[in-house]
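Have a look at the structure below before the remarks.
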Amino acid sequence: MTDTKVNNMSKESFRRQKSREEMQKQLISFGLMIVLTLVAFAVVAMDTFHKGFVIPFLFLMAIVQAGFQFYYFMHLKERGTGMAALLIYGGVWAAFLTLAGLIVISWW
Amino acid sequence: MAQVHDHSELFPEVMPPEPEKATLEGKNKFFGIWFFLGGETVLFASLFGVYLALKNSTAGGPSSQELFGLGLVFIMTMLLLTSSLTSVYAMYHMRNNDFKKMYLWLGITGLLGIGFLACEIYEFAHYITDYGFTFRSSAFGSAFYALVGFHGGHVLFGICWLTTLLIRNAKRGLNLYNAPKFNTFSIYWHFIDVVWVFIFSVVYLMGKVG
């Protein structure tokens, strides 16, 4: 076997190792997302907390879960995804303005 | 003079580590899907905004507290969240150049999506037949079906997209031509789950709270 071939193989096994580690992180984030979902449902099902607490809490749970999806499941934490992040955060910013506008005019 | 097209660069002996972004086409698809999803975010935000503004305008019809049941919504959430994980598995096998396992996990992803859609159809049918709650019942009804139905439409579109991909590429094996296609679908599918997270939180859970 030539040196370059051996080199390529060790590179490949290193990449696979990295990939497996990444998969473990994704599994952990899946577990955390399940937990966040259970907590959100439980808070509503228990019906003991005040509305003023529950609603911001549910928002927070949803935003954290969306972050897990973006960074771990959609690979936004990998290198070379700056442009993708810019596009989606541009969308999120416009979405925030849209929501804020609609909510403010309907509450006034 | 006719040009001879050489596509051999799409079928390398050793696959690169990120086959979905190894070609210009792949890079463009990655850019394109995120651009599209940025727009989709604004579109769904508009529907969420409309829903929040109109959710209490029930016109004497059933309210969100009377209608929604948490059990079915929980099942739907688990189905879609799990399908998000199975498509992560599919992309893991794509990067390891394992075509069969990628197909297996994409197939499971599709089945979970169909399960989700079946629950949603059951849910809507239940509201319409048992409560007489339709798109035309009230402003709340219109806003609810527009938002949740539009998401369901996205799931349906995703299932059609996936089915087409799986049939069209069944005999091709994995190469640099179709790897970006599977990856683009996978990113879209995760986004559909992100939207669902906000639907179950804002529409169903907050609807139960009042």
Side-chain angles (χ1 to χ4, degrees), chain A residues 8 11-12 15-16 18-20 22-23 26-27 29-30 33-34 36-38 40-41 43-45 47 49 51 54-55 58-59 61-63 65-66 69-70 72-76 78 80-81 83-103 105-107, chain B residues 14-15 17-18 20-21 27 30-54 70 73-74 77-78 81-82 84-85 87-89 91-92 95-96 183 186-187 189-191 193-195 197-202 204-210:
Chain A
N8 275 342
K11 252 189 201 165
E12 173 63 11
R15 191 195 62 74
R16 278 180 183 255
K18 281 273 163 228
S19 193
R20 260 196 302 275
E22 184 57 33
M23 192 68 239
Q26 284 165 331
L27 259 178
S29 38
F30 176 72
M33 278 149 73
I34 296 272
L36 291 175
T37 306
L38 285 171
F41 273 84
V43 163
V44 173
D47 203 18
F49 299 102
K51 221 173 113 175
V54 174
I55 289 174
L58 290 175
F59 262 119
M61 293 288 108
I63 288 166
Q65 243 195 87
Q69 283 276 355
F70 280 158
Y72 284 91
F73 281 18
M74 292 158 94
H75 303 283
L76 212 54
E78 282 173 12
T81 53
M83 202 58 191
L86 181 71
L87 290 168
I88 197 73
Y89 284 122
V92 168
W93 172 239
F96 170 75
L97 293 178
T98 311
L99 267 171
L102 281 164
I103 290 170
I105 54 167
S106 60
W107 273 349
Chain B
V14 181
M15 282 289 246
E18 290 185 353
E20 75 278 10
K21 276 179 272 179
K27 288 188 183 87
F30 185 77
F31 179 86
I33 189 70
W34 281 101
F35 194 14
F36 170 70
L37 294 181
E40 289 268 283
T41 311
V42 185
L43 189 145
F44 274 107
S46 316
L47 291 170
F48 270 107
V50 169
Y51 177 81
L52 287 173
L54 299 176
L70 291 185
V73 177
F74 185 73
T77 304
M78 286 302 138
L81 190 58
T82 311
S84 208
L85 180 74
S87 84
V88 166
Y89 274 129
M91 291 309 105
Y92 171 75
R95 286 182 173 184
N96 283 344
N183 189 59
S186 155
I187 293 174
W189 194 255
H190 292 310
F191 181 78
D193 192 43
V194 172
V195 175
V197 168
F198 283 96
I199 290 183
F200 87 67
S201 303
V202 173
Y204 293 98
L205 292 182
M206 290 184 197
K208 265 295 177 199
V209 176

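In the text below, chain A, chain B and the rest are named by the order of the sequence lines, each starting its count at 1.
Using a 4.5 Å cut-off on side-chain heavy atoms (C-beta onward), A/Thr37 and B/Met78 make contact.
Ring geometry, B/Phe74 versus A/Phe41: the interplanar angle exceeds 60°, so the pair is classed perpendicular (tilted spans 30 to 60°).
With a 4.5 angstrom heavy-atom cutoff, A/Met23 touches chain B only via side-chain atoms. With a threshold of 4.5 angstrom between heavy atoms, B/Leu52 approaches chain A through side-chain atoms but not through N, CA, C or O. If you measure heavy-atom distances from B/Ser87 to chain A, you find no contacts under 4.5 Å at all. Interface remark: A/Val92 contributes backbone and side-chain atoms alike to the contact with chain B (heavy atom separation under 4.5 Å). Using a 4.5 Å cut-off between heavy atoms, B/Glu18 touches chain A through its side chain atoms alone. Neither the backbone nor the side chain of A/Leu97 comes within contact range of chain B; no heavy atom of the residue lies under 4.5 Å from a heavy atom of that chain. Only the side chain of A/Met83 comes within less than 4.5 Å of a heavy atom of chain B; its backbone N, CA, C and O stay farther away.
Contacts classified as side chain to side chain donor-acceptor pair (under 3.5 Å) and involving residues 85-94 of chain A (residues at least two apart or in different chains) are given here: A/Tyr71-A/Tyr89.
A centroid separation of 6.0 Å or more is found between the aromatic rings of B/Phe191 and A/Phe70.
Expressed to the nearest 0.5 Å, how far CD1 of B/Ile33 lies from CG of A/Leu87 amounts to 11.5 Å.
A/Arg16 approaches B/Asn96 most closely through the heavy-atom pair NH2-O, 3.1 Å.
Using a 4.0 Å cut-off between a side-chain N of Lys or Arg and a carboxylate O of Asp or Glu, A/Glu78 and B/Arg95 qualify as a salt bridge.
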